[in-house]
Amino acid sequence: MIRAYTKAEVREAVRQWKKEGLTVGLVPTMGYLHEGHASLVDKAVSMCDRVVVSDFVNPTQFGPNEDLESYPRDFERDCALLEEHGASLVFHPEPAEMYDPDAATFVEILSEMPKQLCGKTRPIHFRGVCTVVSKLFNIVNPDKAFFGQKDAQQLAIIRKMVRDMCYDIEIVGCPIIREDDGLAKSSRNTYLSEAERSAALCLSRAIFLGKDMVKNGETDAAAIKAAMTREIESEPLARIDYVECVDGSTMMPVDTITGHNLVAIAVYIGKTRLIDNFIVEGDLVQ
C-alpha cells in the first residue's frame with residue numbers, strides 16, 4: 001500500500017492507474033478507523049480496481065468549541081487495517097497541504113438542507129465537509145466514492161453536491177456497522193467511560209424501537225418520535241440534541257412516513273455527541 005502525503009503523490013499514482021485502464025474508488029475518512037470504515041474499504045475493493053483512502057482530520061468541519069484537537073488519531077493503526085483490507089493508497093496530508101494559508105474558497109449548499117438535523121447545532125459543519133470532499137474529488141478523480149449511512153445527512157448532502165456540481169462520480173452508500181450489543185460504530189465511542197458506554201445503548205434501543213413501529217405499520221412521525229424520545233430519556237446520562245423524521249433527500253421534516261424517509265437521532269452521552277438513524281424505503285426498513 002502506498003503512503004502518500006501530498007496531492008502530487010496521489011495524482012501521480014492515480015494517473016498511472018488510469019493509464020492502465022483501471023477504475024479508482026475513494027473512501028474519505030478522518031482516520032482512527034474501525035470496522036465501519038473497513039466495510040467501506042471492502043465495498044470499494046469489491047467494486048474498483050484500486051482504492052484510495054483519505055486519512056485526514058479536516059479542520060474546516062469543526063466548530064470553535066468542538067473536538068478538533070482531541071479527535072482520536074492513530075495513523076500506524078489505520079495503515080495496518082487498510083493493508084489488511086486491500087487499500088491501494090492512503091492519503092494522509094497535513095492541513096497545510098489541503099488548505100493554503102490564504103484559502104478563501106468554500107463549497108456550500110445554499111438551501112435549508114444543511115441547516116436541518118446536525119446543521120442546527122453545527123452551522124459550519126457541512127460547508128467544511130463539502131469543501132474537503134470536493135478537494136478530494138479533484139485530487140483523486142475517482143470513479144466511485146464510498147460513504148457510510150451512519151452519517152446519513154452527510155451522504156444526502158454529498159449526493160446533492162455531486163449532482164449540482166456535475167461531478168462524474170458514483171456515490172455509493174454503505175450500511176451502518178454495529179457493535180454486538182447494537183451501538184453504531186464510531187471513532188467517538190472511544191471517548192466514553194464504561195458507564196457512558198453502557199448508557200449509549202439508549203441510542204440503538206431507540207432506533208430499534210422506531211424500526212419496529214414502522215414495520216408494524218405506524219406512519220405517524222410524531223408518535224414515532226415520542227416513543228423514541230421516551231426511550232432515550234429513560235437513560236439519565238443521555239441528553240437529546242434531536243429526534244427527527246425527515247424526507248430522505250431534502251432532510252426537511254415530515255409528518256407522515258410515506259416511503260422515502262430518514263429517522264435520525266443525535267444524543268449527548270456525557271460530553272460525547274453520538275448519532276444514529278434508520279431509513280424507510282417503501283416497505284423496506286434499513
Side-chain angles (χ1 to χ4, degrees), residues 36 61 63 66 107-130 133 147-164 171-178 182-186 188 200 202-233 238-269 273-286:
Q61 67 191 68
E66 294 181 347
V107 179
E108 187 172 10
I109 293 176
L110 297 178
S111 73
E112 294 302 306
M113 186 180 188
K115 300 176 185 178
Q116 308 307 308
L117 303 179
C118 292
K120 290 182 178 180
T121 53
R122 306 186 73 190
I124 68 166
H125 176 68
F126 291 113
R127 183 181 77 167
V129 168
C130 287
V133 171
F147 295 85
Q149 185 59 50
K150 184 172 75 70
D151 297 295
Q153 185 177 16
Q154 171 180 279
L155 175 57
I157 284 172
I158 294 299
R159 289 190 192 281
K160 178 165 177 55
M161 181 187 79
V162 165
R163 290 194 303 270
D164 288 356
I171 303 301
V172 181
C174 300
I176 295 172
I177 303 299
R178 298 184 180 276
L183 184 66
K185 288 184 179 288
S186 169
R188 288 188 169 96
C202 69
L203 278 86
S204 51
R205 288 199 305 269
I207 289 296
F208 299 151
L209 173 61
K211 278 187 176 184
D212 286 342
M213 292 178 70
V214 175
K215 288 177 180 177
N216 290 328
E218 181 62 72
T219 60
D220 181 37
I224 294 167
K225 291 192 296 182
M228 293 175 66
T229 296
R230 286 194 297 271
E231 180 63 42
I232 297 166
E233 289 179 339
R239 176 169 59 87
I240 293 174
D241 184 354
Y242 64 75
V243 177
E244 292 290 350
C245 300
V246 300
D247 180 276
S249 295
T250 67
M251 300 292 110
M252 298 303 292
V254 298
D255 295 326
T256 305
I257 301 296
T258 58
H260 180 57
N261 298 117
L262 170 71
V263 181
I265 61 177
V267 178
Y268 286 92
I269 303 295
R273 185 178 181 276
L274 302 175
I275 60 174
D276 205 342
N277 67 76
F278 69 91
I279 300 169
V280 184
E281 287 287 1
D283 295 330
L284 184 63
V285 182
Q286 304 176 51

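What you see is a predicted model, and the numbers here were worked out from it, not measured in a lab.
When every heavy atom of Tyr242 is checked against every heavy atom of Cys118, the shortest pair comes out as OH-SG, 3.1 Å. The shortest heavy-atom contact between Ile265 and Leu203 is CD1-O, 3.6 Å. When all heavy atoms of Met251 and Ala156 are compared, the closest pair comes out as CE-CB, 3.7 Å. Contact detail for Arg122 and Gln61: the closest heavy-atom pair is NH2-O, 3.6 Å. When all heavy atoms of Gly63 and Ile124 are compared, the closest pair comes out as CA-CD1, 4.0 Å. Considering all non-hydrogen atoms of both residues, Arg159 and Gly173 come closest at NH2-N, 3.6 Å.
Side-chain contact between Gln149 and Gln286 is absent, with no heavy atoms from C-beta onward closer than 4.5 Å. Contact annotation: the side chain of Ile275 approaches that of Asp151 to within less than 4.5 Å [non-hydrogen atoms, C-beta and beyond]. Counting heavy atoms from C-beta on, the side chains of Arg188 and Arg273 never come closer than 4.5 Å. Within the 4.5 Å cutoff, the side chain of Ile158 has heavy atoms near those of the Val129 side chain. Residues Arg178 and Ile207 have side chains in contact (heavy-atom distance under 4.5 Å, counting atoms from C-beta outward). Taking 4.5 Å as the limit, some side-chain heavy atom of Leu117 sits within range of a side-chain heavy atom of Leu262. Put simply, the side chain of Asn277 reaches to within 4.5 Å of the side chain of Ile176, judged on heavy atoms. The shortest distance between side-chain heavy atoms of Arg127 and Pro114 does not fall below 4.5 Å.
Within the 3.5 Å criterion, the main-chain N or O of Val214 finds no donor-acceptor partner in the side chain of Asn216. A donor-acceptor pair under 3.5 Å is absent between the side-chain atoms of Glu108 and the main chain of Leu110, judged by distance alone.
Here Glu233 does not pair with Arg230 in a salt bridge; the nearest charged N to carboxylate O distance is not below 4.0 Å.
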